[in-house]
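Presented below is the structure to which this report refers.
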Amino acid sequence: MITDEQMRERLKAAKPYTLMILHKTAKNRDPGRDKIVWEHGRRNFALRDQGLLPIVCPVGDESGVAGIGIFTTNAEETRKIVDGDPGVRAGIFTYELHPIRGFPGSALP
């Protein structure tokens with residue numbers, strides 16, 4: 001059982017991150033989108049390697065959400081990064097940002 005004291009200690013370790021929710025637009029069906037989305041993915045891998053985007057999760061349903069990402073940067077810096085994304089620049093994606101807190105060391109199994 002987790003005690004109140006253990007919870008307080010763990011909560012002290014929480015750090016700020018930025019959650020990005022990536023949305024598809026009507027341009028997501030345009031010819032040539034595959035090449036742009038490929039470069040979007042390449043950039044995500046590079047951002048991950050740089051430690052800026054440790055969590056990247058493409059969404060594979062028909063909801064209109066293309067994916068989510070968790071950035072280690074604040075919202076202002078994240079906006080600058082995402083505004084440079086090839087898919088965002090091409091109008092294939094839009095996004096929203098949310099400040100969040102997370103626990104260092106959290107990982108997907």
Side-chain angles (χ1 to χ4, degrees):
M1 177 171 163
I2 303 293
T3 67
D4 289 349
E5 184 58 33
Q6 288 171 319
M7 283 186 59
R8 285 185 198 93
E9 285 302 311
R10 290 180 186 185
L11 288 170
K12 287 180 191 176
K15 292 187 174 186
Y17 298 94
T18 302
L19 170 69
M20 177 204 58
I21 303 173
L22 196 65
H23 299 276
K24 300 173 191 172
T25 71
K27 288 188 173 189
N28 194 48
R29 294 184 282 280
D30 286 358
R33 64 120 7 234
D34 290 345
K35 182 178 178 183
I36 294 168
V37 172
W38 185 258
E39 293 309 317
H40 155 82
R42 182 188 316 275
R43 188 165 185 268
N44 283 348
F45 280 119
L47 291 169
R48 188 171 183 272
D49 287 351
Q50 295 169 35
L52 299 173
L53 182 60
I55 304 290
V56 179
C57 300
V59 173
D61 62 18
E62 298 301 319
S63 67
V65 175
I68 62 126
I70 298 178
F71 284 82
T72 58
T73 50
N74 65 37
E76 181 180 327
E77 287 299 312
T78 301
R79 186 171 311 284
K80 291 176 187 175
I81 293 167
V82 179
D83 282 347
D85 180 89
V88 171
R89 287 194 332 258
I92 294 170
F93 303 121
T94 60
Y95 66 92
E96 58 185 278
L97 301 178
H98 299 277
I100 61 171
R101 293 184 328 155
F103 300 93
S106 295
L108 301 172

From [X] [atom1] over to [Y] [atom2], what is the distance, rounded to the nearest 0.5 angstrom?
X	Y	atom1	atom2	value
I70	L52	CD1	CG	14.0 Å
L53	I81	CG	CD1	8.5 Å
K80	N74	NZ	CG	8.5 Å
C57	I21	SG	CD1	12.0 Å
R8	K12	CZ	NZ	9.0 Å

Which atom pair, heavy atoms only, marks the closest approach of R48 to P54?
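That would be NE-O, 3.7 Å.
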Give the minimum heavy-atom separation between K24 and D61, together with the two atoms involved.
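Distance-wise, the nearest heavy atoms are NZ-O, 3.4 Å.
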Donor-acceptor list for residues 96-109 side chains, cut-off 3.5 Å, not counting sequence neighbours:
{"unit_1": "E96", "atom_1": "OE1", "unit_2": "H98", "atom_2": "NE2", "d": "2.6"}
{"unit_1": "E96", "atom_1": "OE2", "unit_2": "H23", "atom_2": "NE2", "d": "2.7"}
{"unit_1": "S106", "atom_1": "OG", "unit_2": "F103", "atom_2": "O", "d": "2.8"}

Answer yes or no: is there an ion pair linking E76 with R79, defined by an N-O contact shorter than 4.0 Å?
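The answer is no: the pair does not qualify as a salt bridge.
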Looking at [X] and [Y], would you say the former's side chain and the latter's main chain have a donor-acceptor pair under 3.5 Å?
X	Y	answer
T94	T25	no
R89	G84	yes
T18	T73	yes

Taking CD in Q6 as the centre, count heavy atoms belonging to other residues, nucleotides or ligands within less than 6.0 Å. Is the count above 12?
yes
The single option from F45, Y95, F93 that satisfies ring pair (Phe, Tyr, Trp, His ring centres under 6.0 Å) with H40 is F93
Go through the steps for Y17 and I55 under the test side-chain contact (heavy atoms from CB on, under 4.5 Å), then give the verdict.
CA-CA 11 Å; Y17 298 94; I55 304 290; over 6 Å; no
Are V56 and F71 connected into the same hydrophobic cluster when the rule is that any two of I, L, V, M, F, W, Y join if their side-chain heavy atoms are below 4.5 Å apart?
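In one cluster with F71: V56, yes.
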Do L47 and V37 land in one hydrophobic cluster if side-chain heavy atoms of ILVMFWY residues count as linked below 4.5 Å?
yes
State, yes or no, whether a side-chain contact exists between D30 and I92 at a heavy-atom distance under 4.5 Å.
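When only atoms from C-beta onward are counted, I92 and D30 do not touch, as no gap falls below 4.5 Å.
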